Enquirer: 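Take this structure first; my questions come after.
Fair warning: this is a prediction, and the values are worked out from it, not measured in the lab.
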Amino acid sequence: MLLETAARRRKGPAPTRPGGGTSLTSQQAEHIRRIRRSGAYILLIISSAVFLLPFLWMLTTSLKSDAENLAFPPQWLPDSFNFDNYAKGWSGSLPFNRFLVNTIVITALSMAGNLISCILPAYAFARLRARAAGVMFAALLATMMIPREITLVPKFVMFSKLGWVDTYLPLIVPEFFGVALYIFLLRQFFTTIPQELIDAARIDGASELRILWSVMLPLAKPAIAAICLFSFVANWNQYLENSIYLRSMEKITLAQGLGMFNGQYVTQYNQMMAVALVSMLPILIIFFLAQKTFIRGVTLTGIAGR
């Protein structure tokens with residue numbers, strides 16, 4: 001009895017946490033970490049399945065026959081894979097090759113306009129000092145709270161008076177006047193670049209445009225890649241404004257062409273889903289090729305709080 005009491009006194013009291021209670025052993029802590037990690041993985045798997053479910057439905061629907069599309073209850077997997085739906089949908093009565101060319105032209109020029117018009121003001125807000133720069137930046141961010149639908153009617157009246165209806169100009173020219181979200185993201189990234197690099201370039205006699213081209217842009221490739229991806233997806237999937245301004249069959253885009261599958265009496269859902277999957281391929285390919293750069297750009301544009 002006395003020996004047990006002496007041993008307890010030598011060991012001392014059990015270690016406690018800062019908030020009270022006994023501390024966990026290393027094995028118990030590792031076990032809790034494994035449980036939390038497993039729970040996070042399970043949650044991610046369930047969330048991924050929820051997001052992938054519409055895509056899998058599109059894929060299976062594109063391979064079904066007309067009878068299987070109208071079956072009730074809905075049939076997930078087709079009895080046989082009808083790959084000819086892709087050929088019928090793309091080469092049918094609608095000129096999707098022309099729609100694809102129109103979409104590429106509008107998207108490429110819009111992306112160029114976004115980069116040109118957003119990089120310059122982002123650099124100015126990040127590195128140049130001017131009176132009321134903070135007020136102007138706040139006013140720029142305030143424009144992000146204006147719903148796009150509010151500007152549709154004034155823009156249509158203005159472009160119709162200019163004679164731009166049924167042309168690509170109403171869809172391309174506004175992109176050369178900047179997008180508040182892209183300017184904000186680029187500005188946040190530019191603030192993470194060390195000021196010493198800019199000061200060294202100024203000491204060497206470089207102008208502001210030279211600094212932007214030779215110092216800032218090479219380091220801002222992740223942010224630029226993120227902006228390009230955002231712009232590409234937004235313009236590639238644009239439907240509302242395209243439907244407002246583009247009227248001729250030879251000028252409409254892929255998004256409008258997909259809407260034409262909705263017939264008055266019958267809709268070929270299998271062919272519609274097939275063409276929709278084909279139109280999604282450029283977005284998926286670009287994202288997977290530039291995934292690491294895109295994620296790094298989005299991450300770094302949100303860590304600067306200056």
Enquirer: Would a distance-only check, ignoring hydrogens and angles, find a side-chain to backbone donor-acceptor pair under 3.5 Å from N242 to I252?
Expert: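 No; judged by distance alone, with no hydrogens or angles, the pair does not exist.
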Enquirer: Indicate the atoms forming the closest heavy-atom contact of K251 with Y168, along with that distance.
Expert: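 Heavy atoms of K251 and Y168 come nearest at O-CE2, 3.5 Å.
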Enquirer: Between atom OG1 of T151 and atom CD of E241, what is the distance when rounded to the nearest 0.5 Å?
Expert: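 Nearest 0.5 Å value for the OG1-CD distance: 7.0 Å.
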Enquirer: I'd like to know if the side chain of Q256 reaches the main chain of T253, judged simply by a donor and an acceptor atom lying under 3.5 Å from each other, with no hydrogens or angles considered.
Expert: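 Such a contact is found between Q256 side chain and T253 backbone.
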Enquirer: Applying side-chain contact (heavy atoms from CB on, under 4.5 Å) to I106 and L246, what does each step give before you reach the verdict?
Expert: CA-CA 12 Å; I106 294 174; L246 301 180; 4.2 Å; yes
Enquirer: Got a sec: does the CH2 of W213 have more than 12 other heavy atoms crowding it under 6.0 Å?
Expert: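 Atom CH2 in W213 is not crowded, with 12 or fewer foreign heavy atoms closer than 6.0 Å.
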Enquirer: Could you tell me if the side chain of V275 sits less than 4.5 Å from the side chain of L94, heavy atoms only?
Expert: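 Not in contact.
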Enquirer: Assess, by modelled atom type and distance only, whether the side chains of S248 and D166 contain a donor and an acceptor separated by less than 3.5 Å.
Expert: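 Looking only at side-chain atoms, D166 and S248 do form a donor-acceptor pair, the distance falling under 3.5 Å.
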Enquirer: Locate the shortest heavy-atom distance separating S279 from L258; write the atom from each residue and the value.
Expert: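 Minimum heavy-atom contact is OG-CD1, 4.0 Å.
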Enquirer: When you measure from the side chain of N85 to the backbone N and O of K64, does any donor-acceptor pair fall under 3.5 Å?
Expert: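 Present.
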Enquirer: Minimum heavy-atom separation for R247 to S243, with atom names?
Expert: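 Of all heavy-atom pairs spanning R247 and S243, the closest is NE-O, 4.5 Å.
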Enquirer: Aromatic rings Y123 and F190: how do their planes relate, parallel, tilted or perpendicular, breaks at 30° and 60°?
Expert: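 Ring orientation, 0 to 90° scale: perpendicular.
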Enquirer: Check N114 against E175 and note the closest heavy-atom contact, atom names and distance.
Expert: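 Looks like ND2-OE1, 2.8 Å.
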Enquirer: What class does the angle between the rings of Y245 and F159 fall in, given that below 30° is parallel, 30 to 60° is tilted and above 60° is perpendicular?
Expert: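 It falls in the perpendicular class, over 60°.
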Enquirer: So for atom CZ, which belongs to R202, do other residues, nucleotides or ligands contribute more than 12 heavy atoms lying within a distance under 6.0 Å?
Expert: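 Counting neighbours around CZ of R202, more than 12 heavy atoms of other residues, nucleotides or ligands fall under 6.0 Å, so yes.
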Enquirer: Find the distance between CG (L186) and CD1 (I183) and round it off to the nearest 0.5 Å.
Expert: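 Interatomic distance, L186 CG to I183 CD1, rounded to 0.5 Å: 8.5 Å.
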Enquirer: For Q27, I'd like to know if atom CD has over 12 heavy atoms of other residues, nucleotides or ligands within 6.0 Å.
Expert: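 No.
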Enquirer: Do side-chain atoms of T107 reach the backbone of I104 as a donor and acceptor pair under 3.5 angstrom?
Expert: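 Not a single qualifying donor-acceptor pair exists.
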Enquirer: Is it the case that the side chain of S91 and the backbone of K88 share a donor-acceptor pair, with hydrogens and angles ignored and the cut-off at 3.5 Å?
Expert: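 No, the answer is negative, given that no donor and acceptor are paired below the 3.5 Å cut-off.
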Enquirer: How far does CG of N102 sit from CZ of R98, to the nearest 0.5 angstrom?
Expert: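 Here the interatomic distance stands at 4.5 Å.
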Enquirer: For F83 and F81, take the angle between the two ring planes, folded into 0 to 90°, and tell me which bin it lands in: parallel under 30, tilted 30 to 60, perpendicular over 60.
Expert: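 F83 vs F81 ring planes: perpendicular.
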